Number of protein chains: 2
Amino acid sequence: MSPMLLPNSVRDMSLFFGLTEKDRDDLLVEGSLRHYMRGQILFRHGEAVAQFYIVVVGLVQLYRENVDGSEKTIDLFRVGQTLCESEIMDACRHHRASAKAIDEVTVLVFSAAWLKNTAKKHIAFALNLLSLISKQAHLAEVEAEHQATLSAAQMVACFLQRICVLYDFDHRSFDLPYSKTLIASRLGIELETFSRALVKLKAQGVSVEGSHVRVSDLKRITQYVCSFCSVVNACSTHQELVNMSEDTASIKKVR
Amino acid sequence: MSPMLLPNSVRDMSLFFGLTEKDRDDLLVEGSLRHYMRGQILFRHGEAVAQFYIVVVGLVQLYRENVDGSEKTIDLFRVGQTLCESEIMDACRHHRASAKAIDEVTVLVFSAAWLKNTAKKHIAFALNLLSLISKQAHLAEVEAEHQATLSAAQMVACFLQRICVLYDFDHRSFDLPYSKTLIASRLGIELETFSRALVKLKAQGVSVEGSHVRVSDLKRITQYVCSFCSVVNACSTHQELVNMSEDTASIKKVR
DNA sequence: CGACACTTTGAAGACGATCAACGCCGGTGG
DNA sequence: CCACCGGCGTTGATCGTCTTCAAAGTGTCG
């Protein structure tokens with residue numbers, strides 16, 4: 001697989017910071033591209049953990065099937081995001097959830113051994129991986145906290161903010177990048193609750209028509225969710241995080 | 001600080017697996033012991049992240065103060081557990097939560113630079129740290145999922161199981177290691193809800209009188225919470241996890 | 001014994017889940 | 001071209017669960 005063909009969002013991934021271009025490309029060469037049609041399964045809960053994935057095109061859904069057959073979306077991964085790194089580093093032998101393609105998806109696949117060996121071989125890679133997984137751990141903690149403390153409408157508002165940062169959208173006007181059904185599942189709420197939450201957000205200056213979102217008062221919506229939340233959302237990349245953290249104290253004061 | 005004085009639960013921490021005893025002790029020497037009285041603050045939300053902590057004695061509460069003054073417990077750390085590793089590796093400059101002593105607490109304190117440098121110097125340490133943080137990320141994910149999908153009674157049952165593994169208690173009869181108020185806060189539910197959840201669990205063969213817990217039917221309570229949950233709870237140490245994962249498939253079938 | 005922290009219990013209310021009905025839209029097939 | 005269908009989203013009604021407020025019970029420690 002020639003690294004030249006990969007989109008910039010993959011070649012510039014934070015995972016490869018601090019490596020020479022040559023080292024990075026030598027590593028990327030060891031991956032192989034794999035395509036999935038809409039709805040196809042990448043891996044299933046319970047199967048052996050054998051591979052590390054980097055999303056190159058499309059959207060991948062990580063989800064769990066409950067005993068009753070319903071699905072709960074754990075997370076959604078877009079271009080430049082990775083799957084299974086924590087399962088591999090955690091020495092977890094079996095997948096803890098299933099993954100499927102939402103769109104037409106292309107992923108770059110590496111063996112689990114590749115990930116471990118690369119971490120051993122390149123200390124910079126190991127530290128980047130640490131940073132990446134730390135960030136995930138933190139996001140998951142915040143998520144757990146939100147589930148416990150925020151109302152549905154607040155979680156939706158928080159999600160909209162996160163979307164803007166992740167996709168680099170204009171915070172005042174943008175289109176939802178995927179269906180409301182999927183968003184509701186991602187947030188752990190029912191579609192009906194999501195729909196009603198959008199109605200409530202109108203009072204906070206957020207209007208959603210179809211898939212188009214317009215936010216009339218950025219400050220109001222930021223205060224509506226906890227201000228801490230907005231810091232988290234803004235810290236999507238390493239560099240942004242470094243910059244943002246300068247301002248954390250002042251944001252705290254503002255609230 | 002002489003490593004000889006540290007309890008085994010610290011000297012045998014998974015973080016130092018694969019290092020020689022000498023390397024480990026040389027590293028431990030660089031830490032300094034610090035004592036806190038009941039209720040004293042280790043660090044506050046918003047302060048600069050400067051240190052890495054290993055709990056040597058007592059229980060440390062990580063919590064967030066909401067705008068309205070109420071506290072939400074994010075996690076509780078006992079002997080042999082660590083604080084701030086993910087904040088340090090994540091290059092997060094300011095604490096994302098506050099920490100205080102529940103008991104009388106002793107911690108071993110290292111500079112943030114110590115943690116980063118040790119990871120750079122000893123690849124085994126870096127990999128152990130990766131494993132540790134991966135595990136945390138996973139637990140946090142499961143936690144978020146539980147908050148979204150389980151009832152209060154199920155979360156309490158799940159928590160009791162986790163307690164047993166973490167403290168190596170007899171699963172059939174043990175004492176709660178801390179107050180019900182603290183447990184409720186940890187689970188993100190109100191004390192009243194917690195109390196009522198215990199009443200409901202009587203029907204599942206779990207009786208709690210004062211702080212003493214008796215479980216009459218282990219299988220019933222395991223099935224009451226999702227079976228996936230019990231696998232997670234059991235995977236408290238690296239080695240246990242490696243052993244457990246052998247059985248994951250079979251446990252899945254059982255449910 | 002009284003003060004105080006911790007816990008339990010009761011009653012009322014808020015919120016989200018669930019079930020049901022309907023509207024909208026794009027595609028398919030007659 | 002129209003009828004039908006299925007996927008998606010909205011809205012209404014009802015129900016169960018958790019929170020909130022209030023009161024009372026339990027225990028410990030001075």
Side-chain angles (χ1 to χ4, degrees), chain A residues 38-39 61 66-73 100 102-103 144-160 175-204 206-213 224-225, chain B residues 38-39 59 61 66 68-73 102-103 144-159 175-204 206-213 224-225:
Chain A
R38 197 170 189 281
Q61 176 195 29
N66 293 328
V67 191
D68 60 13
S70 67
E71 288 180 4
K72 201 263 165 184
T73 301
K100 88 163 101 151
I102 292 288
D103 295 317
E145 188 180 337
H146 282 181
Q147 291 285 357
T149 58
L150 299 189
S151 72
Q154 284 176 309
M155 289 205 305
V156 170
C158 187
F159 176 82
L160 292 179
D175 283 330
L176 296 174
Y178 28 83
S179 77
K180 294 182 178 179
T181 304
L182 194 52
I183 296 173
S185 167
R186 171 61 240 278
L187 293 176
I189 60 180
E190 296 303 312
L191 177 59
E192 295 94 324
T193 306
F194 179 78
S195 184
R196 282 184 252 262
L198 291 181
V199 175
K200 281 187 198 162
L201 286 183
K202 283 230 168 67
Q204 304 296 328
V206 178
S207 81
V208 180
E209 277 156 30
S211 69
H212 191 74
V213 181
Y224 181 66
V225 299
Chain B
R38 196 170 189 280
L59 190 70
Q61 176 194 29
N66 293 328
D68 60 14
S70 67
E71 288 182 3
K72 201 264 166 184
T73 301
I102 292 289
D103 296 316
E145 190 181 337
H146 282 181
Q147 291 284 355
T149 58
L150 300 189
S151 71
Q154 284 176 310
M155 289 205 305
V156 170
C158 186
F159 176 82
D175 284 330
L176 297 174
Y178 28 83
S179 77
K180 294 182 179 180
T181 304
L182 194 52
I183 296 174
S185 166
R186 171 63 239 278
L187 293 176
I189 60 180
E190 296 303 312
L191 175 60
E192 295 92 326
T193 307
F194 179 77
S195 183
R196 285 183 250 262
L198 291 181
V199 175
K200 281 187 197 162
L201 286 183
K202 283 229 167 67
Q204 305 296 326
V206 178
S207 81
V208 180
E209 277 155 28
S211 71
H212 191 72
V213 181
Y224 181 66
V225 299

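Predicted, not measured: the structure shown is a model, and the values here were computed from it. Below, all heavy atoms of this structure are taken into account, side chains as well, without hydrogens, waters or symmetry copies. Chain identifiers are assigned alphabetically (A, B, ...) following the order of the sequence lines, protein sequences preceding nucleic acid strands; residue numbering begins at 1 within each chain.
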Heavy-atom pair of closest approach, residues [X] and [Y]:
X        : Y        : value
A:Ala157 : A:Val225 : CB-CG1, 3.5 Å
A:Phe194 : A:Val156 : CD1-CG2, 3.7 Å
B:Ser207 : B:Lys202 : CB-CE, 4.2 Å
A:Arg38  : A:Ile102 : CG-O, 3.2 Å

Rounded to whole Å, how long is the line connecting atom [atom1] of [X] with atom [atom2] of [N]?
X        : N      : atom1 : atom2 : answer
B:Leu176 : C:dT8  : CG    : C1'   : 15 Å
B:Leu150 : D:dT17 : CG    : C1'   : 14 Å
B:Ile102 : C:dC6  : CD1   : P     : 10 Å
B:Arg38  : C:dA5  : CZ    : P     : 11 Å
B:Asp175 : D:dG27 : CG    : P     : 15 Å
A:Glu209 : C:dC24 : CD    : P     : 15 Å
A:Tyr178 : D:dG9  : OH    : C1'   : 18 Å
B:His212 : C:dT7  : NE2   : C1'   : 18 Å

Ordered by number, residues from residues 185-199 of chain B within less than 4.0 Å of DNA chain D (heavy atoms) are B:Gly188, B:Ile189, B:Glu190, B:Glu192, B:Thr193, B:Arg196
inquiry  = Under a 4.0 Å threshold between the charged nitrogen and the carboxylate oxygen, would A:Glu190 count as salt-bridged to A:Arg196?
reply    = no
Ranking C:dG16, C:dT7, D:dC18 by distance to the side chain of A:Lys200, first place goes to C:dG16
Applying side-chain hydrogen bond (donor to acceptor under 3.5 Å, both in side chains) to A:Thr193 and not counting sequence neighbours gives none
Side-chain contact test, heavy atoms from C-beta onward, threshold under 4.5 Å: evaluate it for B:Asp175 versus B:Val213 and give yes or no. no
- Query: How about B:His146 and B:Gln154: do any of their side-chain heavy atoms sit closer than 4.5 Å?
  - Reply: no
### Task
Compare side-chain N and O positions of B:Ser179 against OP1 and OP2 of C:dA5 and report whether any pair is under 4.0 Å apart.
no
Students should find that the end-to-end axis angle of the helix from C:dC1-D:dG30 to C:dG30-D:dC1, with five pairs defining each axis and rounding to 10 degrees, is 20°
Value for NZ (B:Lys72) from CG (B:Leu187), rounded to nearest 0.5 Å, stands at 8.5 Å
